[in-house]
Number of protein chains: 2
Amino acid sequence: MSKCESCIIREFNSLKSLTREELMRVSACKTGKIYKKGQVIFEEGETLNGVYCVRDGVCKLTKLSENGKDQVVKLVVKGGLLGKRSLVSEQKTNLSAVALNDMEMCFIPKSEIMNDLTKNPKFTMDVLKKMAEDLKVSDESLVKMAQKSVKCRMAEILMYIHDNFGTDDDGYLSIVLSRKDYASIVGTATESAIRILSQFKKEGIISTSGKRIKIEDYRSLRWIE
Amino acid sequence: MSKCESCIIREFNSLKSLTREELMRVSACKTGKIYKKGQVIFEEGETLNGVYCVRDGVCKLTKLSENGKDQVVKLVVKGGLLGKRSLVSEQKTNLSAVALNDMEMCFIPKSEIMNDLTKNPKFTMDVLKKMAEDLKVSDESLVKMAQKSVKCRMAEILMYIHDNFGTDDDGYLSIVLSRKDYASIVGTATESAIRILSQFKKEGIISTSGKRIKIEDYRSLRWIE
DNA sequence: TTTAAAATATGATATTTGTCATGTAATTAG
DNA sequence: CTAATTACATGACAAATATCATATTTTAAA
């Protein structure tokens, strides 16, 4: 397995602020993990004792609502760190993580990285910054969820996936989600999600091929309200 | 004005982790500020160069939605710190803060406290912990907003205010909000908020006196879905 | 205190979204 | 490859929520 010192992924997250020595120590104790599409990485209520660094693939972070429905809180791709909160708090994790396609990750035990968090101010500040940014994004999501229609939220998630995770060679969104996943991101019933996507299709805003979605008219998506 | 070293408020926030010397330095450069009910403390888009420590009163943190409506993201009371994100990021603030009643606060310039953030690991970890907790709460709010009915959200905010901010001598919620504020917390139209509160009143779950609200039947609030 | 403005209240109606039912297409297990 | 399961799709209807109109009450300003 590749060593952290020579792994380019770390440039996308807070691990980039570790010194070469710290990295070598982390590298020595990390374990590689492979997850298949649909596999659960961890579940709400579990005690995480470390962080996962995503090397490849995509996963969703979800939270179970009291009515039994899952709500997708965040999508995480290459470079993302899962379980940051576990470094800071003794509490159990409040989210579940499920692989959306085949994933490759590294697991770094908390015990090993905690020392760096107290000794390396640059690293700490970086984690802090990332968390502050997450918080900002979370606030924005809340406002969207509260103030915008389901149709608008659906348009936004399509643009979000397009802008952040890109498309494949044929122009289809490179992250492939089920209609149920879309429903659980925008917070609506699966049927409603299906209906809205069908409508977008009729209007020529998107086209589909199986589960894959291609944005045909990005401009129109922006104007939906 | 009272000194930070002898101010009990700090026990409720991360400032408690500063050393006596650090506190004295903070105390020397802080400025006291008074805000009247309705007054704007800062607005979305402003550059904050410090944090506010709430000594007395309550304020709401809001974010303007694209449709022009304000969404209340958080209520902050005595002991709360406003503008933590400014310590970590150069970005402009993403929220506005408005006093809900007369407030007393201390403003601590970023320049003064930044040094502590890099030098005092205990303080840094404390800020980190607080932010992680905020993030968790924010996730929970998102799920609530997405999955629960307006009526249920209204019931929850009433219980939240009751549990976290208490009641006055007559049993009325000690935080007094307008119907519009309630609407903007649960993310609905003002009329809908009014209607739901009226309904609660008819059902004997709450009673009101002007804007003031008294919870008469807490148990029933829990069962609303 | 009087008056104007803002907040609260409620009806009528339109729109959005959810739920249930049912059918078809796509995947997966054997 | 076939059967069975799961995902997708759509109609019909119900429920929740928004919007507009219009009083009434409360609050704040002159």
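In what follows, every heavy atom counts, from backbone to side chain, and hydrogens, waters and symmetry copies are set aside. The sequence lines fix the lettering, A, B, ..., with proteins before strands; numbering per chain opens at 1.
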> Starting at CD1 of Ile194(A) and ending at P of dT22(C), how long is that distance when rounded to a whole Å?
Replying inline: 17 Å
>> Exactly one of Ile206(A), Asp168(A), Leu158(A) should register a side-chain contact (heavy atoms from CB on, under 4.5 Å) with Leu173(A). Which one does?
In response: Leu158(A)
>> From CD1 of Ile213(B) over to P of dA7(C), roughly how many Å is that when rounded to an integer?
In response: 15 Å
>> Parallel, tilted or perpendicular, judged at 30° and 60°: which one describes the rings of Tyr35(A) and Tyr52(A)?
In response: perpendicular
>> Rounded to whole Å, please give me the gap between CD in Gln199(B) and P in dA9(C).
In response: 13 Å
> Which part of the nucleic acid, if any, lies within reach of Lys202(A) when heavy atoms closer than 4.0 Å are counted: base, sugar-phosphate only, or nothing?
Replying inline: nothing
> Under a criterion of less than 4.0 angstrom to any heavy atom of chain A, what are the 5'-terminal and 3'-terminal contacting nucleotides of DNA chain D?
Replying inline: dA7(D) to dA12(D)
>> When you measure from the side chain of Ser96(B) to the backbone of Glu44(B), do you find a donor-acceptor pair of N or O atoms at a distance under 3.5 Å?
In response: yes
> Going through the checks in order, is the side chain to side chain contact (heavy atoms under 4.5 Å, CB included) test met by Ile215(B) and Phe200(B)?
Replying inline: CA-CA 10 Å; Ile215(B) 295 180; Phe200(B) 285 174; over 6 Å; no
>> Restricting to salt bridge (Lys or Arg N to Asp or Glu O under 4.0 Å), what partner residues turn up for Lys69(A), sequence neighbours left out?
In response: none
> Does Lys148(A) pair with Glu66(B) as a salt bridge, N-O distance under 4.0 Å?
Replying inline: yes
> Do any side-chain nitrogens or oxygens of Lys211(B) fall under 4.0 Å of OP1 or OP2 in dT8(C)?
Replying inline: yes
> Any side-chain N or O of Ser198(B) under 4.0 Å from OP1/OP2 of dT10(C)?
Replying inline: yes
>> Checking side-chain contact (heavy atoms from CB on, under 4.5 Å) between Leu15(A) and each of Ile113(A), Val26(A), Val127(A), which is the one that passes?
In response: Ile113(A)
> Looking only at side chains, do Ser209(A) and Lys214(A) share a donor and an acceptor under 3.5 Å apart?
Replying inline: no
>> Return a single string for nucleotides 15-21 of chain C, one symbol per nucleotide in 5' to 3' order, where B is base contact, S is sugar-phosphate-only contact and - is none, cutoff 4.0 angstrom on heavy atoms.
In response: --SBBB-
